[in-house]
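To start, the structure itself, in structure tokens.
Counting convention: from 1, in listed order, for ligands and their atoms alike.
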Amino acid sequence: MAVEIMDKIVSLCKRRGFIFQSSEIYGGINACYDYGPLGVELKRNVKEQWWRAMVVENEDIVGLDAAILMHPRVWEASGHVAGFTDPLVDCRQCKQRFRQDEIDPKKWEKRQCPACGNANVLTDARQFNLMFKTHMGPVEEDATVVYLRPETAQGIYVNYKNVMDSSRKKIPFGIAQIGKAFRNEITPGNFIFRTREFEQMEMQYFVKPGTDEEVWREWKDRRMAWYKRIGIHPEKLRFRQHGPDELAHYAKAAMDVEYEYPIGWKELEGIHNRTDFDLSRHQQFSGKDLSYFDDATRERFIPYIIETSAGCDRTVLTCLIDAYEEQKLENDTRTVLHFDPKLAPVKAAVFPLVNRDGMPELARKIMDDLRGEFIAFYDDSGAVGRRYRRQDEAGTPFCVTVDSQTLQDETVTVRDRDSMNQDRVAIRGLVPELRKRIWGK
Ligand code: GAP
């Protein structure tokens, strides 16, 4: 059942132009995906909501867009060269490769391989580094190795002084960034849940040591509230704190926001107390002073960092799953994506009821007005009921129809995707009315 829903979402995503397999005409490339016309809008809206909640609404947080390629020493300092590894085991019989921690421990004890099902000997675990390596310039030798960043965070840490000095911020303050990250995952999968190229939305908050635990608690609550604010069902969200044995090499405490996916409860975002680990290491490896001097208390210290690290693609997947519904109606089933209107790729569709009596011309004029505000879609083909269904499946919250009454009193019907109710609205007031229904103002 669960897997069935996932398959239906994957197929809807392709059919409606949300997400395609990358390089499909060449047979695809494993675990890489492209965002189509609807998907790119959904993703942009997710990012826009995150940026708004982080940068626009908070005077103490500023933005950054750092390069993907960084000095290789960054990844030595961060601990990724030595420690960003997964233990990998091979099955000698079926030749499949697994992350050791993903194999059922009971089967592991019996040394039974989960793929071929035969009791068999697995190889001992080897550490496999997840960073993608490439070379800078024309010579491929050790000295020219660079990495595709496996997290966006380090771009923020190495710029923290630049940002602080140029924007005259004082601690506590935060730096937010959205950007691509790359990991050579051993077991990618579940559509865009775990891929090798993905986007992160990360915010690093610099605080005085001693205040870190309280700030960490605040941020985990703020991040949970954000998912509710973008319309995710609260009962599908929960916290899960990491035990001491599963903490990343940089973290003193970590809390995941988890979502109940069709494949079970899984991590959506991590909120980490990274202590002074990163800045101390960068100070040590770069030889640059990264301490902070507090004018008021005359104290000097290396700031602690509270990180909120969300996967953008994983949030998109969460929005799709959370919004998906197959509604049984009297005579048929309607597939609806109940996106929060703020996230919906297309905000409104415009239909002339019939293609005559001046209705198309009027509908086109309304379309022009709406296009000045947001993405609207014009559709004049087929029965109006079918046109509604097509928009339901794309998650369009409002459908505006020009009918014969429009020609008499200059009103249109506005049909709500979720309730399927229709109201008559004056054309004059249509833009402000939709604006209110989408953004609440
Ligand atoms: N800077 C900290 C950090 O990167 P993480 O827990 O490794 O922490 C944070 O990653 C988030 O990034 C995850 O919660 C997830 O949403 C997303 N993420 C990580 N690996 C991913 C992958 N292979 N594919 C898609 N999203 C991923």
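Salt-bridge check for E433 with R437: passed, with a basic side-chain N closer than 4.0 Å to an acidic carboxylate O. Using a 4.0 Å cut-off between charged side-chain N and carboxylate O, R386 and D379 make no salt bridge.
The option with the heavy atom closest to atom 10 (O) of ligand 1, from among Q200, E199, E151, is Q200. Taking each of S309, G270, C312 in turn, the one with a heavy atom nearest to atom 3 (C) of ligand 1 proves to be S309.
At least one heavy atom of T195 sits closer than 4.0 Å to an atom of ligand 1. For Y250, the heavy-atom gap to ligand 1 drops under 4.0 angstrom. Ligand 1 lies within reach of H272, whose nearest heavy atom is under 4.0 Å from it.
When each atom of ligand 1 is checked for a heavy atom of R274 under 4.0 Å away, the hits are 1 (N), 2 (C). Close contacts between ligand 1 and E269 involve ligand atoms 14 (O) [criterion: under 4.0 Å to a heavy atom].
Residues M201 and E269 are not in side-chain contact: their nearest non-hydrogen atoms beyond the backbone lie 4.5 Å or more apart.
There is no side-chain donor-acceptor pair under 3.5 Å between E202 and Q177.
Between Y261 and F193, the ring planes lie perpendicular to each other; the angle is over 60°, past the 30° to 60° tilted range. Using a 30° and 60° split on the angle between ring planes, H249 and F277 fall in the perpendicular class, above 60°.
Looking at ligand 1, you'll find an N or O of R183 within less than 3.5 Å of one of its N or O atoms. On a distance-only criterion, A153 and ligand 1 share no N/O pair closer than 3.5 Å.
The backbone of L268, and not its side chain, has at least one atom closer than 4.0 Å to an atom of ligand 1 (non-hydrogen atoms only; backbone = N, CA, C, O).
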